[in-house]
Peer 1: 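Handing you a structure now.
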Amino acid sequence: MSTGPDVDAGNGEGPVSGGRRAGAERALTATTVPPQAALVAGVLAVAALVVVAGGGVAGGAALGGVAVGALLAGTVATVAVDRPVRALVAGPGLLVAVGAAVSGPIVAGVLVGPHVGWVAAGGVLVGVGVARFRLAAFGAGAVESALEWLARLVVVVTLATVLVGAVTLEVDRVVAVAGGVVPIEPLVAPTSAGGAIVGFVAACWLAYGGVWLGAVATPVESVLSPARAARVDTALLRGVTVVGGVLGVGSVLVAAAYAVSVSAGVGAPVAPVLAGVVDSPALRIALLRLAAAGAAVAAAVTLVKAAGARTVGTRPTWLPSTLLVTAVALGGVLVVGDEVGATLAAADPTGWAVSGAVSVVGATVVGLSLVVVGLIATGAVLLLWPVTAAAGVLPPRSAAPRLLLFGLVLAAASAAVADGGVVRPLLGVTAGVAAWDIADHGIGVTADVGRTPARRDGTVVHAGASLLVGVGGVVGAGLAYAALTNAVPGSLLTAVVSAIAVVVLAVLLSR
Amino acid sequence: MPRWHVVVGASLSVAAVGVWSLTPVLLVAAMVPLGFVAYGAVTTATVIDDRIRVTRSVTPARTHPGGVVGVEIAVEHVGDGPVPDLRIVDGVPDALSVVEGSPRAALGLHPEETATLEYAVRARSGEFSFSEPRVRTTSLSGVSTYTTTVEADGDDRISARFGADASPVSDRTTGMVGTLTADSGGEGVTFYGTREYRPGDPMSRIDWRQYAERRELTTVDYRQQEAIEAVVVVDARAAAAVAADETAPTGVELSAHAANEAIDGLVTTHNRVGVVTLEDGGAGDREFGWVAPGSGPDHRSRLRAELNRALDIERVTDATGPAEGAPDPGTESGPVSGSGSVPPSAGRAERRSSAAARLELAELVDRLTPRAQVIVFTPLCDAVPADVTRTLQAAGHDVSVCTPNVTTTTTAGMTLAGIERASRCAALRTDGVTVIDWEPTDRLTVVLERVARSMTARATVET
C-alpha cells in the first residue's frame, strides 16, 4: 500500500483512480445509471406510481405523465444532437412535451380531480428521471442547448411575426390612431387635389425606398458563390432600377399629368384614369405595405448580420427545425386564428385590448405574438432545470434519482390526502426512497468505474438489499400505524407520536 | 452523511404535508425514509487491505512501438465474508491509451472467488510502469466507503523497442514488400516484353515460337529486379516530439514506427537501405545520425539500433524539460509535446535552420550517392524538415515525404498548427516533392503502399 487508506463517511465523491482519459470520460457520463440499476429503479418507480395512483383513470394519468416526462427528457437530450433529422423531430417534440408536461396535470386535475392531477405531475417527474438515467447528454449541457434552441426559435418566430405584420397591417387604422400625433392622414385619405398628388408621390417613393432597402440588405455575397452572386446582384440592381423608374419617375409623371388635367382641364379622356390612380386609397395602402415589408426585411437581415453569419450555420443544425415550427405556427394561426381571436376577445378583461390589436395588426399577427409568448413561457419552464440545479434541489449528478423520489412522494402525499388508505401512501414513499437509493448508488458506481467497465456486479447486490429494506419499511410502518390507531381510537395519538418520532429521528440521523 | 440529506428532507416534507392536511398516515410514512437512513448508519465498508490479492499479467511484456499489449487482472478474494461492492481501477500508465476492454470494474466477490478483467493498451516507445490498482469498497447500503491501493503481483511494466524479436514484420506484410521493381526489361522471372535479337543475347531468351512462325529472331525480356538504394530520414527533433493528446504517439514515434516498417520492407526485397536521423544539434553534437546504406541482417540490426537511438533522444528531451525559447506549457500553442510535460520547441527548431545547420546538411548531401532515393518521415511541425527535403531534392535526389498528422482542431492553437502543416505540405507539393499525408485514421500499410508507389513511379520515369 503506497498510500494510506481512507474511509469516507459519504458516498465517495470523486473517482477511484486518477487518470486524465478516464476523468474526461467520467465528466460526460458520471450522471448516468448502470443498466441493471436503471432497470430495477425504473420498474420499481413506475409500478409503484401506478399502484399509488389507484388504477383506473388515475393510473392512466400516471402512465401518461411518465410518457410525457420521458418524451421531455428525450427531446431535450436530442435537440442538441448534430443530426438534421433528429434535430428536426426533437425541436417540435420538445415544444409538445413541455406543453403536455405543464398542461396535462392541470387539465387532468381540473377535469377529473386534484388527486389525478397530482399523480400525473408525479408521473412527469418520474418519467423525466427514468429517461435521464441513461441519457448522458444531460451531463454535457443538453438543457442549456435546448434553451439556446428555444431562444433562436423565438427570434425566428418574432421575425416572421414582424414580416407578416408588415403585410397585414391595417394601414388606415394605424394612420387613424397615429394621426393625432403625426399629421399623416393626408397620406392615405387626402382631402384636396393637391394633398392627393403629394400623398400619392410620397407613397410611391416610400414603397421604392422599401424595395431598395430590402434589395440592399439581401446578403447575396454571403449565401451564394461569387459567380452566382454577381449575376444575382446584377439582376437585383436591374430590378431596383425598374422599380425606381416605375414608382419614382412614373409617380412624378402621373402626378404631373393629373395636376395638369385638373388645373388646365386638358386630357379629359385620361383624367378619370389618372384620378383613379392618384386618389385610390387601396393603391396607397398597398404601396405603404410594400414600404413596411421592405423595411422589415432589411431590419431582419441586419439583425442576422449583427448576430454573425456563422450563427445561421452553427452546429448543431437549428435552422430547419425552427423554420418548421414557424411554418406550423403560421399555418395554425391562419387556420384557426379567427376563432382563437374571437375567443380571446370574448375573454379579454379589458374588453378592448385584444380586439384593438386584432383590428390594427390582424388576427394572424396577434396569434403569432401569442405563439412567441408561449415559447418564452416554455423557455421559462425549461429554466426551472438550471435554477433548481443551482439551488441544490436537483444537482446535475443526482437529479434523476431525486426526480423519482419527488415524483413518488408527491403521488403518495396526494393519495393520502385523497384518502388512499394506508398501504398506498406507505408504498409510494418507500418505493421512492428505494428507487432513489438504487439509482443514486448506480451513479456512484459509474462515477468510479466509468460507463463501460469490464464488469459491474455490485449494483445488483445493492439493489436487492435496498428492496429488502424497503419491504421491511412498509411492513414496519404499517404495523406501527395499526398499533397506534388500535391503542387509542382516533388519529390524534398517532399523529403526535409519529410527528415526534420523525423530528427526533431526523435530527439524530442528520448529524 | 450528505447522501441521505435528500431523504431526510423528503421525510420532513411528507411529515409537513401530513400535519398540514391532518393525515396521520403521512406522518407514519415519513418515518420510512428515516429507516433507510438508519440502515445506512449501521452498515460499514469492508476493509480489504489483506483480503484481496491482485495479479497482473501483460502479454507480451516486450513489443514494438505501436503494438497492442493485452493486460489481464485477476482479483482474488482471500479473506472471510463476501465483499458486495468492490470497485477496482488498474493503474494504467498515463501515456498509454486503452484500445480494447476496460481497466475498471465493479465486482461482488465471495471468499476464494476470483474475478478477471482483460483490456489492451497500445504500446509507445520506451518502458512504462503500471501503478498500483486503486480499490474502493462500499458498505451494503452504499453509504460508507473504504479506498486504498493494493500491490499487484506479476507484471508491472511494458517495454516497446524496435528489435528482431519485437518486430511486427515477421507476422504480416508491410506495404513496401514486393513493390519496388524497376520498370525495365532484362534478366528476371516475370515476362516484360520482346525485342529484336541482338548478338550476344543468351539462347535461352530467344523466342523460338516466333522464329518458327516468322523466321525472325526475337529476344524475350523479363522484368528486372533491380535493387534500389534508399535512405530513410527520421525527424527525431524535439519539435517533432508532439502529439495530438497525452496518450497519442508523438510525431517522432510515428515517424520511427513508419520508418521501421518501410526499412523492413526494403530490406526484405534486398534493397540497400540507410538511415538518417534529424536531431537537435547542440555544441559539438552532430545535426543528424547516420547509418550508411547497406543490406543484410547485421545491417538491419544497425538500422533498428539507430531508430531506437532516435526514440531515446525524444525521451531524453522529455526528461530535460522544455527547450530554451519554447512557449510556456499549457498555452494553446499547438499539439501536446512529448508526454505532455514538454511544449513544442518550434522556436529553437526554426533557429536551427541557420547557416551552421545548412553546412551540416551539405555534409549529408555529400554522403548520399547520386542514385539514392530519400524517404523523409516527419510530422512537418516546423520548417526544418521541409528545408532538408528541398536541399536533398536540389541535390538531384528523388525525395518522398511521409508525414503523420499529429495536429487536431480541438483548440485554436492546434488548429493553427494544422493550418501551418497543411501549408508546408502544399508548398512541398508545389516544389515537386511527393507528400504522403498520413492521417490518424489511415492504416500504415496503405500509407507505405503509397510511398512505394511513388518510388516505383520515379523508377519508371528514370528507365
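First the proteins, then the strands, lettered A, B, ... as listed; each starts at 1.
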Peer 1: With a 6.0 Å cut-off (strictly less than), is the heavy-atom count around CZ of B:Arg53, excluding the residue itself, greater than 12?
Peer 2: no

Peer 1: Is any side-chain heavy atom of B:Val28 less than 4.5 Å from a side-chain heavy atom of A:Leu426?
Peer 2: yes

Peer 1: Without swapping roles, check the side chain of A:His462 against the backbone of B:Leu140 for a donor-acceptor pair under 3.5 Å.
Peer 2: yes

Peer 1: Shorter than 4.5 Å, heavy atoms on both sides: which option in B:Val17, B:Leu107, B:Leu117 has the most such pairs with chain A?
Peer 2: B:Leu107

Peer 1: Could you walk me through whether B:Thr138 and A:His441 pass side-chain contact (heavy atoms from CB on, under 4.5 Å), step by step?
Peer 2: CA-CA 10 Å; B:Thr138 67; A:His441 178 267; 4.0 Å; yes

Peer 1: Using non-hydrogen atoms only, which part of B:Ser131 is less than 4.5 Å away from chain A: side chain, backbone, both, or neither?
Peer 2: neither

Peer 1: Under 4.5 Å, counting heavy-atom pairs only, tell me which of A:Ala434, A:Ser398, A:Gly432 racks up the most with chain B.
Peer 2: A:Ala434

Peer 1: Where does B:Thr44 contact chain A at under 4.5 Å (heavy atoms): side chain, backbone, both or neither?
Peer 2: neither

Peer 1: Could you go through B:Val6 and A:Phe406, starting from their C-alpha distance and side-chain angles, then the distance that decides it, and tell me whether this counts as side-chain contact (heavy atoms from CB on, under 4.5 Å)?
Peer 2: CA-CA 10 Å; B:Val6 64; A:Phe406 296 160; 4.2 Å; yes

Peer 1: Over all heavy atoms of both residues, which pair between B:Ala29 and A:Pro425 is shortest? Give the atoms and the distance, please.
Peer 2: CB-O, 4.4 Å

Peer 1: Take atom CD of B:Glu113 as the centre, draw a 6.0 Å sphere, and report whether it contains more than 12 heavy atoms from other residues, nucleotides or ligands.
Peer 2: yes

Peer 1: Please rank B:Gly108, B:Pro133, B:Ser139 by heavy-atom pairs under 4.5 Å with chain A and give me the top one.
Peer 2: B:Gly108

Peer 1: Is any side-chain heavy atom of B:Arg87 closer than 4.5 Å to a side-chain heavy atom of A:Val445?
Peer 2: yes

Peer 1: Grab the two heavy atoms, one from A:Asp448 and one from B:Arg104, that are nearest each other, plus how far apart they are.
Peer 2: O-CD, 4.1 Å

Peer 1: Go through B:Thr23, B:Leu86, B:Thr137, B:Ile73 and name the one with the most non-hydrogen pairs under 4.5 angstrom from chain A.
Peer 2: B:Thr23

Peer 1: What are the two closest heavy atoms between A:Leu405 and B:Ala10, and how far apart are they?
Peer 2: CD2-CB, 4.0 Å

Peer 1: In this structure, which one of A:Val469, A:Thr430, A:Val433 forms a side-chain contact (heavy atoms from CB on, under 4.5 Å) with B:Val32?
Peer 2: A:Thr430

Peer 1: I need the minimum non-hydrogen distance between A:Ala412 and B:Leu26, along with the two atoms involved.
Peer 2: O-CD2, 4.3 Å

Peer 1: Do B:Tyr39 and A:Leu468 come close enough that some side-chain heavy atom pair is under 4.5 Å?
Peer 2: no

